[in-house]
2 protein chains.
Amino acid sequence: MARERKFSLNEVFQHTKQLLLEHGYEGFTFGLLAERLGVSRTAIYKHFENKEEVITAYMVDEMEQVFAKFVHIHDYPTFDEQFRFLLNLILYHDDLHRMIAIGRRIPDTTPAVRANKERLEQFHERMYEELNQLVERGKQEGRIKPHLPNRIVLAYIFQSVVVPHFPGISLDQWAESIKEIIMYGVMTGN
Amino acid sequence: MARERKFSLNEVFQHTKQLLLEHGYEGFTFGLLAERLGVSRTAIYKHFENKEEVITAYMVDEMEQVFAKFVHIHDYPTFDEQFRFLLNLILYHDDLHRMIAIGRRIPDTTPAVRANKERLEQFHERMYEELNQLVERGKQEGRIKPHLPNRIVLAYIFQSVVVPHFPGISLDQWAESIKEIIMYGVMTGN
DNA sequence: GCCGAAAGTGACACTTCTGTCACTTTCGAC
DNA sequence: GTCGAAAGTGACAGAAGTGTCACTTTCGGC
């Protein structure tokens, strides 16, 4: 090969995620990323043409990881177990939805960006298809209210991950509370 | 007085909101705002020192409007009516939470910015206090599950506004579905 | 040893945003 | 009518981000 790289793809993704959360899409710059990686700004151009390429590549990577975990939903036999597994997965990846929102705004600046965005779109569709089937199954088994539109149920579940956690409330208690609210709401049963 | 202004404060706020939603905090510039207002960029400097001042001023304005509506919660006698009123108010202001998230990142560049941020903080606290009392009352009247932490219930309700609406589902149906999920969850009662 | 490929660098030109300044325009008060 | 205050403008200089280029560094293969 050649000279050893001073930074790995994984490091790029890790800092990209951090910078996106801190500065947002418009505030993300090669200068900032280079600083975090401890290399010169131009070094990054050896591997990516522009920031859209970095960001979409990171997103594909993140999506792949989530999807790799997600397919284990089929290890669970019952609807209730699958539903619980899904909620845990989503609550664990509490940054995913923010990334999806950011991803929607990225313009197609290079063919690589376009390709990454298409892969993201495919992941998204497959995920949605699976989830839709889960909700459908829940309705058929009489576990989910049949009059709620699937899209709203799914969008609602995904949105729930954004509920912030506060000091004084443990992560476990937080996750349990969110799950209970999604499943049974905030009101008492009577 | 003097010469008539080419743009009103309200126009500034309206375009600021629009630009923030389109480009985010970091993508918001005086050049963009001036273009929308149909004036030169420097004209804006006559009224605001920098973009932080414009943005926080807009946020205070928006918050005042929401708060003015919010206090009508006391026009409703029962907990259930108040709760419903609150949900309607929040669902109607579906951009508020995004603005709050953006607001957290604004640095204190001038005294005016600092003052605006403090006013926002005060609104926020008063609002939280009121809402906390509502949840507390709901618990005492046996309407809200007592074991859910108030903070989580409130954060959850606020977060719900972000659930996107889709074509094919009417706004009314969307709002009704969200309300039902918050109150009673997605699962059937048994 | 030396050669080529890959990795990394600083310098440059370009663009965009920022904030200031001297200037002009417009209006009401007198 | 003219004067002053407020509103608006274009020109400028500085800061920050972008992308390119010629160059150097480092490694494995021969």
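In the text below, chain A, chain B and the rest are named by the order of the sequence lines, each starting its count at 1. Every heavy atom of this structure was used, including side-chain atoms; hydrogens, water molecules and symmetry mates were not. Worth saying up front: this structure is predicted, and the values here are computed from it rather than measured.
- Side-chain N/O atoms of A/Asn10 and A/Gln14 include no donor and acceptor closer than 3.5 Å.
- For the segment residues 36-50 of chain B, residues with any heavy atom less than 4.0 angstrom from an atom of DNA chain D are, sorted by number, B/Val39, B/Ser40, B/Thr42, B/Ala43, B/Lys46, B/His47.
- Checked for salt-bridge contact, B/Glu11 and B/Arg5 miss the test: no charged N lies under 4.0 Å from a carboxylate O.
- One interatomic measurement links the two molecules: CD of B/Glu35 to P of D/dT9, which rounds to 14 Å at whole-angstrom precision.
- The nucleotide whose nearest atom lies closest to any side-chain atom of A/Arg3 is, among D/dG8, D/dT18, C/dG8, C/dG8.
- Using bins of under 30°, 30° to 60° and over 60° for the plane-to-plane angle, the ring pair A/Tyr58/A/Phe13 lands in the tilted bin.
- Taking the ring centre of B/Phe166 as origin, the terminal cationic atom of A/Arg151 falls inside the region bounded by 6.0 Å and 45° from the ring axis.
- Atom-to-atom, CD of B/Glu53 to C1' of C/dG19 comes out at 13 Å; the value is rounded to the nearest Å.
- The interatomic distance linking B/Phe28 (CZ) with C/dC17 (C1') rounds to 13 Å, in whole Å.
- As a whole-Å value, the separation of B/Leu33 CG from D/dG8 P is 12 Å.
- Note on B/Phe28: it clusters hydrophobically with B/Leu9, by side-chain heavy-atom contacts below 4.5 Å among ILVMFWY residues.
- For the segment residues 4-23 of chain A, no residue has any heavy atom less than 4.0 angstrom from an atom of DNA chain D.
- Between B/Arg105 and B/Glu26, at least one side-chain N (NZ, or NE/NH1/NH2) sits under 4.0 Å from a carboxylate O, which counts as a salt bridge.
- A cation-pi arrangement is not found for B/Arg126 relative to B/Tyr128, the charged atom failing to lie both closer than 6.0 Å to the ring centre and inside a 45° cone about the ring normal.
- A cation-pi contact, defined as under 6.0 Å to the ring centre and within 45° of the axis, is absent between A/Lys179 and A/Phe83.
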